[in-house]
Amino acid sequence: MNDRLMALEERNLKCVCTEVTTSHRASPTDSNNHASNSRIVFCNERASTPTPITSPVSRTNEVQVPRKLTPCKLLSWVKEDDQVLADAQIVETDPEKEIHGNPIGLNCYSVCVITAHVENAPVFKPTDEFRKLKDAQGGVITWPKNRIVF
């Protein structure tokens, strides 16, 4: 299992980015051929100081998760631009919690839409109730983590 984890880390180390520390680009193995405590950091995440691990395959959550009710802005998930579609607040960060009968998922947070600036923008996971951001004002929807800014 450890060999499989190391192979996966080696494949994922090919990310090219500028906003992370050198540990992001470090080798996935240490001198004892155990998985290192450096982790893959996606281009839109900031690396944090790694904490010691107790097992070669255990990992700690090093990316800081926002607190509930933290104000945020929603960016388009359809286009890779920086246009702010809505003002919102973080409601839930646990990927296993359900919103509208569906799990939030690993790469999403649930947010409460305060103000929609682009009313016809589609929501990330449409429901019978919410298809466009204007419909979701005052409601809770799921939004991709990498398209939320604080």
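Note that the structure is predicted; figures quoted are calculated from it, not measured.
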Open item on the list: With a 4.5 Å cut-off on side-chain heavy atoms, are Ile148 and Tyr109 touching?
Closed with: yes
Open item on the list: If you define the side chain from C-beta out and look only at heavy atoms, does anything of Phe150 sit under 4.5 Å from Thr70?
Closed with: yes
- [ ] Could you list who else is in Val140's hydrophobic cluster, with ILVMFWY side chains joined at under 4.5 Å, directly or through other members?
- [x] Val91, Ile99, Ile104
Task: Which residues share a side chain to side chain donor-acceptor pair (under 3.5 Å) with Asp135, sequence neighbours left out - done: none
- [ ] Carefully, step by step, assess Arg147 and Leu74 under the rule side chain to side chain contact (heavy atoms under 4.5 Å, CB included).
- [x] CA-CA 6 Å; Arg147 303 309 294 159; Leu74 307 180; over 6 Å; no
Open item on the list: Could you measure the distance from the CD atom of Glu98 to the OG1 atom of Thr142? Nearest 0.5 Å is fine.
Closed with: 10.5 Å
Open item on the list: Run the side chain to side chain contact (heavy atoms under 4.5 Å, CB included) test against Pro95 and tell me which residues pass, sequence neighbours left out.
Closed with: Leu106
Open item on the list: Quick one, Pro144 and Asn107 - any side-chain contact, counting heavy atoms below 4.5 Å?
Closed with: no
Open item on the list: Going by side chain to side chain donor-acceptor pair (under 3.5 Å), name the residues that satisfy it together with Lys132, two or more places apart in sequence or in a different chain.
Closed with: none
- [ ] List the atom of Pro103, the atom of Lys125, and the distance in Å for their closest heavy-atom pair.
- [x] O-NZ, 3.2 Å
- [ ] Considering non-hydrogen atoms only, spot the tightest contact between Arg131 and Asp128 and give its length.
- [x] NH2-OD1, 4.2 Å
TODO: Would you mind listing the cluster partners of Leu75? Hydrophobic ones only (ILVMFWY), side-chain contacts under 4.5 Å, chaining allowed.
DONE: Val84, Val149
Task: side-chain hydrogen bond (donor to acceptor under 3.5 Å, both in side chains): pairs with one or both residues in residues 81-91, sequence neighbours excluded - done: Lys73-Asp87, Asp87-His117
Open item on the list: What I'd like to find out is whether the side chain of Trp143 reaches to under 4.5 Å of the side chain of Leu85, using heavy atoms alone.
Closed with: yes
TODO: Give a yes or no answer on whether the side chain of Ser110 reaches the backbone of Glu92 with a donor-acceptor pair at less than 3.5 Å.
DONE: yes
